[in-house]
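Each remark here refers to the structure printed beneath this line.
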Amino acid sequence: NIEEFLKQKLSEISEKIKNYRKVQREIEIIFKFKEKINMKNQNNEIQIKNIEDIIVASIRFKGKYSDVGKYFGQIYKAGGGNVTGYPFSMYYDEGYMEDNADIECCVPLKKEISAEGVECKVLKGGKVYTIIHQGPYDSLGESYKKIFDRITFDKQKVIAPSREIYIKGPGMIFRGNPENYITEIQFIVEDSE
């Protein structure tokens, strides 16, 4: 049946177009953010800025830091076309935890959704200390030390949890070189002004 065959082909083509558009958007976002990073954060400098409230889909769990990747796929699937921005993790523990770390994987959304196993909520913004880290995840400690030293020097009080925003990471399509990973670390602080 030629009509049935053509309908099937049309459906396959539509799905491929949808996937290519998603890849195109992700690449465009990387280029836009890379330009901002190059202009504002040439030398891994700490910035102080205000961030807006955002809607996120999230999954909170206790486990290893390396477990975060498996939850993002589930969240992206639930978010569908409502996903906007970079995925990030929030860390609720006060220090490094080898096992049983309290972690929440988040993906920003355009609007709230309802999906089984995924929480949707509004995260409050505020004043943040932020640093852009370029390199593998196992070297993030250097950037954490730098930002902690600055927060301590400025006598600021951190409001948990901290955030790691994955601007460029291993990805699902392009694995890439860990030396080129780009992670933004954010700590919300009490705004004393």
Side-chain angles (χ1 to χ4, degrees), residues 23 26-51 54 56 58-76 83-108 123 125-189:
V23 171
E26 289 174 359
I27 291 170
E28 287 170 350
I29 288 171
I30 288 170
F31 280 126
K32 283 181 188 174
F33 202 86
K34 185 82 170 173
E35 289 172 14
K36 284 184 185 178
I37 292 168
N38 288 339
M39 289 187 299
K40 291 177 78 176
N41 300 300
Q42 289 289 330
N43 297 312
N44 201 18
E45 291 299 314
I46 294 166
Q47 303 289 314
I48 301 169
K49 64 182 181 181
N50 286 305
I51 58 171
I54 56 170
V56 298
S58 72
I59 297 175
R60 189 167 174 177
F61 69 97
K62 288 202 173 219
K64 296 182 180 226
Y65 299 112
S66 58
D67 294 339
V68 299
K70 66 183 176 184
Y71 293 101
F72 283 122
Q74 184 179 347
I75 299 170
Y76 270 100
V83 171
T84 180
Y86 300 109
F88 61 95
S89 296
M90 297 196 303
Y91 298 102
Y92 290 86
D93 301 304
E94 287 187 26
Y96 178 81
M97 300 283 289
E98 190 67 36
D99 294 304
N100 210 30
D102 190 359
I103 303 167
E104 188 169 9
C105 296
C106 302
V107 174
L123 288 182
K127 180 179 176 182
V128 297
Y129 279 64
T130 181
I131 191 168
I132 301 295
H133 174 86
Q134 182 166 351
Y137 297 137
D138 60 7
S139 66
L140 280 167
E142 302 161 18
S143 293
Y144 270 98
K145 181 181 181 333
K146 188 172 184 179
I147 200 167
F148 272 131
D149 289 349
R150 174 67 184 275
I151 290 169
T152 302
F153 179 81
D154 289 351
K155 298 180 177 152
Q156 295 291 310
K157 183 173 187 215
V158 171
I159 301 170
S162 63
R163 298 180 189 183
E164 277 183 14
I165 303 166
Y166 309 112
I167 298 162
K168 183 177 187 305
M172 296 177 74
I173 298 163
F174 304 111
R175 289 290 171 204
N177 179 348
E179 293 299 323
N180 296 324
Y181 290 177
I182 300 171
T183 308
E184 181 178 1
I185 301 168
Q186 291 182 347
F187 284 92
I188 297 181
V189 297

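Computed from a prediction, not measured in an experiment: that's the story for all the values here. For the single chain, residues carry numbers from 1 onward in sequence order.
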As a quick check of understanding, evaluate side-chain contact (heavy atoms from CB on, under 4.5 Å) for Ile182 and His133, giving each step before the final call. CA-CA 6 Å; Ile182 300 171; His133 174 86; over 6 Å; no
Does some side-chain heavy atom of Tyr65 sit less than 4.5 Å from a side-chain heavy atom of Met97? yes
If the plane angle is over 60° it's perpendicular, under 30° parallel, otherwise tilted; pick one for Phe72 and Tyr166. perpendicular
Do Arg60 and Asp102 have side chains that approach each other closer than 4.5 Å (heavy atoms only, starting at C-beta)? yes
Asp154 and Val189, any side-chain heavy atoms less than 4.5 Å apart: no
Decide yes or no for Ile132 and Ile167: does some side-chain heavy atom of the first lie under 4.5 Å from some side-chain heavy atom of the second? yes
Restricting to pairs with a member in residues 61-71, which pass salt bridge (Lys or Arg N to Asp or Glu O under 4.0 Å), not counting sequence neighbours? Lys64-Asp99
Counting C-beta onward and ignoring hydrogens, is there a side-chain heavy-atom pair between Lys146 and Glu45 closer than 4.5 Å? yes
Which heavy atom of Glu164 sits nearest a heavy atom of Tyr144, and at what distance? OE2-OH, 2.7 Å
When rounded to the nearest 0.5 Å, the distance separating NZ of Lys49 from OG1 of Thr130 is 4.5 Å
Pick one: which of Ile147, Thr183, Leu140 meets side chain to side chain contact (heavy atoms under 4.5 Å, CB included) with Ile131? Ile147
Kindly compute the distance separating OH (Tyr129) from CZ (Phe148), expressed to the nearest 0.5 Å. 13.0 Å
Do the side chains of Met90 and Ser162 get nearer than 4.5 Å, heavy atoms only? no
Taking all heavy atoms of Ile75 and all of Cys105, pick out the closest pair and write down the distance. CD1-O, 3.3 Å
Working to the nearest 0.5 angstrom, can you tell me the gap between Tyr91 OH and Glu104 CD? 11.5 Å
Would you give the length of the straight line joining atom OH of Tyr86 to atom CD of Glu26, rounded to the nearest 0.5 angstrom? 10.0 Å
Student check: side-chain heavy atoms of Arg163 and Leu123 closer than 4.5 Å: yes
What are the two closest non-hydrogen atoms of Pro136 and Ser139, and how far apart are they? O-OG, 2.9 Å
Can you name the nearest heavy-atom pair linking Lys127 to Asn50, along with the distance? CA-OD1, 3.3 Å
Rounding to 0.5 Å, atoms CG (Asn100) and CG (Asp93) come to a distance of 8.0 Å
With rounding to the nearest 0.5 Å, note down the distance linking OG in Ser89 to CD1 in Ile59. 11.0 Å
Pairwise side-chain contact, Val56 with Phe88, heavy-atom cut-off 4.5 Å (strictly under): yes
Over 12 foreign heavy atoms within 6.0 Å of OH, Tyr96: yes
